[in-house]
Amino acid sequence: MEKPGTFTLKAVDGKARRASLATAHGVVETPVFMPVGTRGSVKSLSPHDLIDVGSQIILGNTYHLYIRPGDELIARQGGLHDFSNWHGPILTDSGGFQVFSLEGLRKITEEGVEFRSHMDGSKHFFSPEKVISIQKNLGSDIIMVLDECVPYGKDKKYTAKSLELTTRWARRCREALAPGENGQLMFGIVQGGFYKDLRETSLGQLMEIPFEGYAIGGLSVGESTKEMYDILRHIAPMLPEDKPRYLMGVGTPLDILEGIEAGVDMFDCVLPTRNARNGTLYTSQGKMNIKKAKYSEDSGPLDPNCGCYACKNFSRAYLRHLYMARELLSYRLNTLHNLTFFLDMTARARKAIENGTFAELKAEYQAMFAVGEK
RNA sequence: GGUGGGGUUCCCGAGUGGCCAAAGGGAACAGACUGUAAAUCUGUCGGCGUACGCCUUCGGAGGUUCAAAUCCUCCCCCCACCA
């Protein structure tokens with residue numbers, strides 16, 4: 001077995017990279033899309049389903065698992081892999097995104113972040129050290145540093161100060177877990193908002209710290225697609241070439257292809273899973289909303305070009321019925337499908353990069369989502 | 001046949017003289033969702049008009065009133081119980 005952290009570049013097509021990353025629980029072929037399982041479960045799916053659909057690695061969330069059921073309990077249960085019976089790689093986010101999404105429930109200081117639990121209002125303090133200790137308890141294969149995910153619209157002064165804090169926290173995180181310790185990898189997170197020079201500053205500072213991978217955070221936080229792509233195209237190619245590059249929280253199928261094109265290797269996003277539960281499905285004919293009445297008697301498959309369990313076995317009419325009736329099977333089938341769509345797309349991207357045909361693949365997906373929105 | 005209760009905008013259902021084009025659900029339609037406080041949320045939902053507004057609507061037909069979904073009369077239907 002390869003040493004965790006081993007990153008092997010296999011092919012390139014323009015800036016797009018085809019590589020593999022070794023972790024303590026297996027090798028991840030990139031570019032990769034990582035389904036999000038915030039609370040130790042990709043909502044509505046079992047580990048068996050995840051494998052069926054082609055998942056290589058999934059996410060968990062430090063904040064949520066700390067709040068419930070608690071990282072120490074999980075440690076006593078043998079770590080998150082045993083606890084959840086998912087034995088592939090797991091990446092855990094640090095709670096940095098909750099600094100953003102729970103803005104009203106938290107207070108940032110140099111020392112760390114104080115949260116008021118969204119569950120019961122109780123106070124909890126997350127320092128960089130605490131966040132690493134939690135992720136050690138969870139047994140994550142890839143640990144993310146604590147960062148401040150800066151909201152869209154913050155001015156340059158705020159963003160610059162924030163990025164410095166993120167760097168100091170990153171350093172403290174690295175000090176809390178030595179490179180190679182426990183076979184757990186640690187990724188730093190580039191911030192800097194929508195200022196290219198600040199992005200470069202952030203990256204420069206982080207590159208002085210030995211991380212096994214580098215992430216781009218603070219994108220898709222409310223900005224336009226144009227603004228996001230602008231920053232992405234600028235900064236992604238500047239991340240270390242010999243380390244995995246992870247674009248956090250992104251995105252739509254086209255966002256992901258855009259990221260791959262810019263040289264990003266890893267992606268995660270709640271979109272396929274959350275949208276599935278809300279009735280929006282990604283298909284080879286674009287986005288569709290299964291709740292529309294026009295599908296009520298549609299006996300055809302959801303997506304004739306999809307080989308997932310939902311598409312192979314059920315009609316649009318039935319899937320609509322399940323959704324309208326709020327049957328639990330609806331969430332599972334829809335999630336299975338959307339994840340299949342994202343995972344198939346990234347699998348095809350890997351192949352396309354090997355064949356030097358990534359541009360064609362991207363054009364194909366752009367055409368799919370050309371009507372209406374992306 | 002008797003007694004009681006009902007018929008409200010696509011559906012269910014509130015409203016019992018003016019603040020009612022009429023609460024609230026549902027359906028429909030449109031939309032949002034990007035390191036998950038999300039199996040969630042937003043908007044529209046009689047017609048015309050950008051709007052003050054105008055027109056049509058609360059089983060049917062009359063009537064009372066400045067004003068009726070709301071009161072009165074008759075009629076038509078439905079439900080429950082009794083015979």
Side-chain angles (χ1 to χ4, degrees), chain A residues 33-45 57-65 67-68 91-106 115-121 131 140 142-150 152 166 187-191 215-225 228-229 232 246-256 258-259 264 266-282 287-296 320 322-335 338 342 372-374:
Chain A
F33 177 78
M34 308 181 282
V36 180
T38 304
R39 305 197 291 192
S41 145
V42 174
K43 295 185 195 304
S44 82
L45 299 191
I57 169 173
I58 64 171
L59 257 70
N61 186 279
T62 298
Y63 169 83
H64 290 276
L65 292 169
I67 293 290
R68 187 164 68 182
L91 180 152
T92 45
D93 186 28
S94 61
F97 185 71
Q98 280 62 48
V99 174
F100 163 83
S101 67
L102 303 180
E103 197 175 1
L105 293 174
R106 114 267 119 138
F115 286 104
R116 281 207 345 265
S117 161
H118 68 280
M119 302 290 313
D120 62 6
V131 151
S140 322
I142 301 175
I143 286 177
M144 299 307 297
V145 300
L146 183 65
D147 67 327
E148 183 192 354
C149 180
V150 181
Y152 180 61
T166 288
F187 284 19
I189 304 173
V190 176
Q191 289 292 342
I216 299 167
L219 288 187
S220 64
V221 288
E223 76 280 12
S224 68
T225 299
M228 177 182 139
Y229 287 4
L232 173 63
Y246 166 27
L247 177 54
M248 304 185 77
V250 172
T252 67
L254 296 186
D255 291 346
I256 291 169
E258 190 70 27
V264 175
M266 304 164 68
F267 303 85
D268 80 280
C269 191
V270 304
L271 226 41
T273 46
R274 179 184 289 169
N275 280 2
R277 279 174 275 122
N278 293 334
T280 299
L281 302 172
Y282 292 86
K287 260 178 27 171
M288 64 176 272
N289 199 319
I290 195 62
K291 74 178 134 197
K292 289 184 190 292
K294 64 179 173 182
Y295 300 125
S296 63
R320 173 175 191 274
L322 291 178
Y323 183 81
M324 296 310 285
R326 306 262 122 88
E327 275 295 327
L328 297 186
L329 183 57
S330 169
Y331 305 115
R332 184 162 96 94
L333 258 19
N334 289 171
T335 302
N338 273 354
F342 277 60
E373 71 288 54
K374 13 178 211 60

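Chain identifiers are assigned alphabetically (A, B, ...) following the order of the sequence lines, protein sequences preceding nucleic acid strands; residue numbering begins at 1 within each chain.
Using a 4.5 Å cut-off on side-chain heavy atoms (C-beta onward), A:Thr335 and A:Lys43 make no contact. Residues A:Arg39 and A:Arg68 are in side-chain contact: their nearest non-hydrogen atoms beyond the backbone lie under 4.5 Å apart. Between A:Thr280 and A:Lys287 there is a side-chain heavy-atom pair separated by less than 4.5 Å. Residues A:Leu281 and A:Asn338 form a side-chain contact, since some pair of their non-hydrogen atoms from C-beta on lies under 4.5 Å apart. Side-chain contact between A:Val264 and A:Leu232 is present, with at least one heavy-atom pair separated by less than 4.5 Å.
Screening A:Ile57, A:Asp93, A:Thr92 for a side-chain contact (heavy atoms from CB on, under 4.5 Å) with A:Ile142, the sole residue that qualifies is A:Ile57.
At whole-Å resolution of the value, CG in A:Leu232 and P in B:rG35 are 15 Å apart. In this structure, A:Phe100 places its CZ atom 9 Å from P of B:rG35, rounding to the nearest Å. What separates CE of A:Met228 from P of B:rC33 is a distance of 12 Å, to the nearest Å. In this structure, A:Asn275 places its CG atom 9 Å from P of B:rU34, rounding to the nearest Å. Taking atom OH of A:Tyr295 as the reference point, atom P of B:rC29 lies 10 Å away to the nearest angstrom. The interatomic distance linking A:Arg326 (CZ) with B:rG25 (C1') rounds to 14 Å, in whole Å. Whole-Å rounding puts the A:Ile57 CD1 to B:rG35 C1' distance at 13 Å. At whole-Å resolution of the value, CG in A:Asn334 and C1' in B:rU36 are 17 Å apart.
Taking for each of A:Gln98 and A:Tyr331 the nucleotide of RNA chain B with the nearest heavy atom, the 5'-most of the two is the partner of A:Gln98. Taking the nucleotide of RNA chain B with the nearest heavy atom to each of A:Tyr323 and A:Val36, the more 5' of the two is matched to A:Val36.
The partner of B:rC45, taking Watson-Crick or G-U wobble pairs whose two distances both stay under 3.5 Å, does not exist in any strand shown. Under the Watson-Crick or G-U wobble criterion, with both distances below 3.5 Å, B:rU50 is left unpaired in every strand shown. Nucleotide B:rC71 is matched to B:rG63 when pairs are restricted to Watson-Crick or G-U wobble geometry with both distances under 3.5 angstrom. Judged by Watson-Crick or G-U wobble contacts below 3.5 Å, the nucleotide B:rC58 has no partner. In this structure, B:rG24 forms a base pair with B:rC12, meeting either the Watson-Crick or the G-U wobble geometry with both donor-acceptor distances under 3.5 Å. With a cut-off of 3.5 Å on both pairing distances, the Watson-Crick or G-U wobble partner of B:rG1 is B:rC82. Using the Watson-Crick or G-U wobble rule with both distances under 3.5 Å, B:rA32 pairs with B:rU40.
Ranking B:rU34, B:rU36, B:rA37 by closeness to the A:Thr38 side chain, first place goes to B:rU36. Closest to the side chain of A:Asn278, out of B:rA30, B:rA37, B:rC33, is B:rC33. Here B:rA27 is the nucleotide among B:rA30, B:rA27, B:rG35 with the atom lying nearest to any side-chain atom of A:Met324. Of all nucleotides listed (B:rG35, B:rA30, B:rU34), B:rG35 comes nearest to the side chain of A:Phe97. The side chain of A:Thr280 approaches B:rC33 more closely than any other nucleotide in the set B:rA39, B:rC33, B:rC29. Comparing B:rG35, B:rU34, B:rA39 against the side chain of A:Arg274 picks out B:rU34 as the nearest.
In this structure, CD1 in A:Ile67 is found 11.5 Å from OG1 in A:Thr62, a value given to the nearest 0.5 Å. With rounding to the nearest 0.5 Å, the separation of CG in A:Leu322 from NZ in A:Lys291 is 15.0 Å.
Base engagement by A:Thr273 is indicated by at least one non-hydrogen atom pair under 4.0 Å involving a base atom. Heavy atoms of A:Gly37 sit nowhere under 4.0 angstrom from any nucleic acid atom.
The separation of B:rC81 from B:rU9, taken at their P atoms, amounts to 27 Å, rounded to a whole angstrom. Only the C1' atoms considered, B:rC58 is 14 Å distant from B:rA23, to the nearest whole Å. To the nearest whole angstrom, the two P atoms, one in B:rG4 and one in B:rU8, are 22 Å apart. For B:rG46 and B:rA32, the C1' atoms lie 28 Å apart once the distance is rounded to whole Å. Taking atom P on both nucleotides, B:rA67 is separated from B:rC55 by 15 Å, rounded to a whole Å. The separation of B:rA69 from B:rG18, taken at their C1' atoms, amounts to 13 Å, rounded to a whole angstrom. Using atom C1' as the reference point in both B:rU57 and B:rC48, the two lie 15 Å apart (nearest Å).
Between the side chain of A:Asp147 and the base of B:rG35, at least one donor-acceptor pair of N or O atoms lies under 3.5 Å. Between the base of B:rU36 and the side chain of A:Ser101 there is no donor-acceptor pair shorter than 3.5 Å.
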Can you tabulate the close N/O pairs, meaning under 3.5 Å, that link protein atoms to atoms of nucleotides 9-12 of chain B?
none

Which protein N or O atoms sit under 3.5 Å from an N or O of nucleotides 41-44 of chain B?
none

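Under the 6.0 Å cut-off for aromatic ring centres, A:His64 and A:Phe97 do not qualify, their centroids lying 6.0 Å or more apart.
The minimum heavy-atom distance between A:Tyr323 and A:Ser330, with the atom names listed, is CA-OG, 3.3 Å.
Between A:Phe342 and A:Tyr282, the two ring planes are perpendicular [angle over 60°; tilted spans 30° to 60°].
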Between A:Asp268 and A:Tyr246, does a side-chain hydrogen bond (donor to acceptor under 3.5 Å, both in side chains) hold up when you go through it step by step? CA-CA 9 Å; A:Asp268 80 280; A:Tyr246 166 27; 2.7 Å; yes
